[in-house]
Amino acid sequence: MQNNIYECINIENVINKLKLKRIHQIGTYIYVNCPFCQSKNERNGYMKVDTIKNLYICNNCESTGTSIELYARLKYISNKEAFKELMKETPILDNRTYIFNNPIKSELYRDMVYSKFLEMQTLNKRHYEKLKSINFTDEYIKINKFKSIESNPDKKKAICRKLQEQGLKLDGIPGFCATCS
């Protein structure tokens, strides 16, 4: 099983960003000219990209790795720098063909993610005033930790990124869409 940070960057979008030449696609596998050995000869093989597992392998030069490692290696930067660069670019997170082959996370894990998510929310003025209008005291609002869920899509993605930076995996968590994981 891969480390969760490697699974959150869509390898198909990475190969598009790197402008790797696609040869053909069979199911969830994309074949590209290998940027490391420059193999264009079908007998030697092409780099095979698994869009579900976010892995690549070249049968000719035996290069293998994850979406982040591919980006890092071709940009001559560390995996950490590659991850940071890719996380800043929303197209890398968007438009992922997502196959839900992973089960819902455990109740304990979901509770941890939801708690962290709620900690990052605030209570907006309109909601605060509505609570006050139905006679909720400031103390009651504070004790019960009333929050407003962010509605701005960019701010939602920023919150998802912060959760991921804390090492939380968002797939298998109801309420989080594929673009967040």
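Everything numeric in this text was worked out from a predicted model, so none of it was measured. Side chains are part of it too, since the values below use all heavy atoms of this structure and drop only hydrogens, waters and symmetry mates.
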If I take atom CG from residue Asn10 and atom CG from residue Leu86, how far apart are they, to the nearest 0.5 angstrom? 10.5 Å

For the residue pair His24 and Tyr31, does the interplanar ring angle fall in the parallel (under 30°), tilted (30 to 60°) or perpendicular (over 60°) class? parallel

For the atom pair CG (Asn33) and NZ (Lys21), what is the distance rounded to the nearest 0.5 Å? 6.0 Å

Backbone N/O of Thr51 and side chain of Thr28: donor-acceptor pair under 3.5 Å: no

Would you give the length of the straight line joining atom CD of Glu81 to atom OH of Tyr76, rounded to the nearest 0.5 angstrom? 14.5 Å

Look at the side-chain heavy atoms of Ile, Leu, Val, Met, Phe, Trp and Tyr, link any pair under 4.5 Å apart, and say whether Ile23 and Ile26 land in one connected group. yes

Would Tyr109 and Leu118 show up in the same hydrophobic cluster when neighbours are defined by side-chain heavy atoms closer than 4.5 Å? yes

Nearest heavy atoms of Cys58 and Cys61, plus distance in Å: SG-N, 3.5 Å

Quick one: does Tyr56's side chain get under 4.5 Å of Ile30's, heavy atoms only? no

Considering only heavy atoms from C-beta outward, does the side chain of Ile159 approach that of Glu150 to under 4.5 Å? yes

Is any side-chain heavy atom of Val49 closer than 4.5 Å to one of Leu20? no

Taking all non-hydrogen atoms of both residues, which atom of Lys162 and which atom of Met120 are closest, and how far apart? CB-CE, 3.8 Å

Between Asn144 and Phe146, is there a donor-acceptor pair closer than 3.5 Å when you use the side chain of the first and the backbone of the second? no

Spacing of Ile11 atom CD1 and Asn54 atom CG [to the nearest 0.5 Å]: 5.5 Å

Heavy-atom side-chain contact between Glu85 and Lys17 under 4.5 Å: no

4.5 Å side-chain heavy-atom contact, Ile173 and Leu168: no

Once rounded to the nearest 0.5 Å, what's the spacing between atom CD1 of Ile68 and atom CZ of Phe83? 5.5 Å

Decide, yes or no, whether a salt bridge links Arg22 with Glu12 under the criterion of side-chain N to carboxylate O below 4.0 Å. yes

Any chance you could measure Asn135, atom CG, to Tyr140, atom OH, to the nearest 0.5 Å? 12.5 Å

Looking at His127, Gln121, Lys125, which one forms a side chain to side chain donor-acceptor pair (under 3.5 Å) with Ser148? His127

Do Leu74 and Phe36 come within less than 4.5 Å of each other through their side chains, counting heavy atoms only? yes

Identify the two heavy atoms, one from Ala82 and one from Ala72, that lie closest to each other, and give their separation to 0.1 Å. CB-CB, 3.6 Å

Heavy-atom check, side chain of Lys75 versus side chain of Leu18, under 4.5 Å: yes

Side chains of Asp138 and Tyr128 in contact at under 4.5 Å (non-hydrogen atoms): yes

For Leu55, does its backbone N or O pair with a side-chain atom of Asp50 as donor and acceptor, under 3.5 Å? no

For Glu107, I'd like to know if atom CD has over 12 heavy atoms of other residues, nucleotides or ligands within 6.0 Å. no

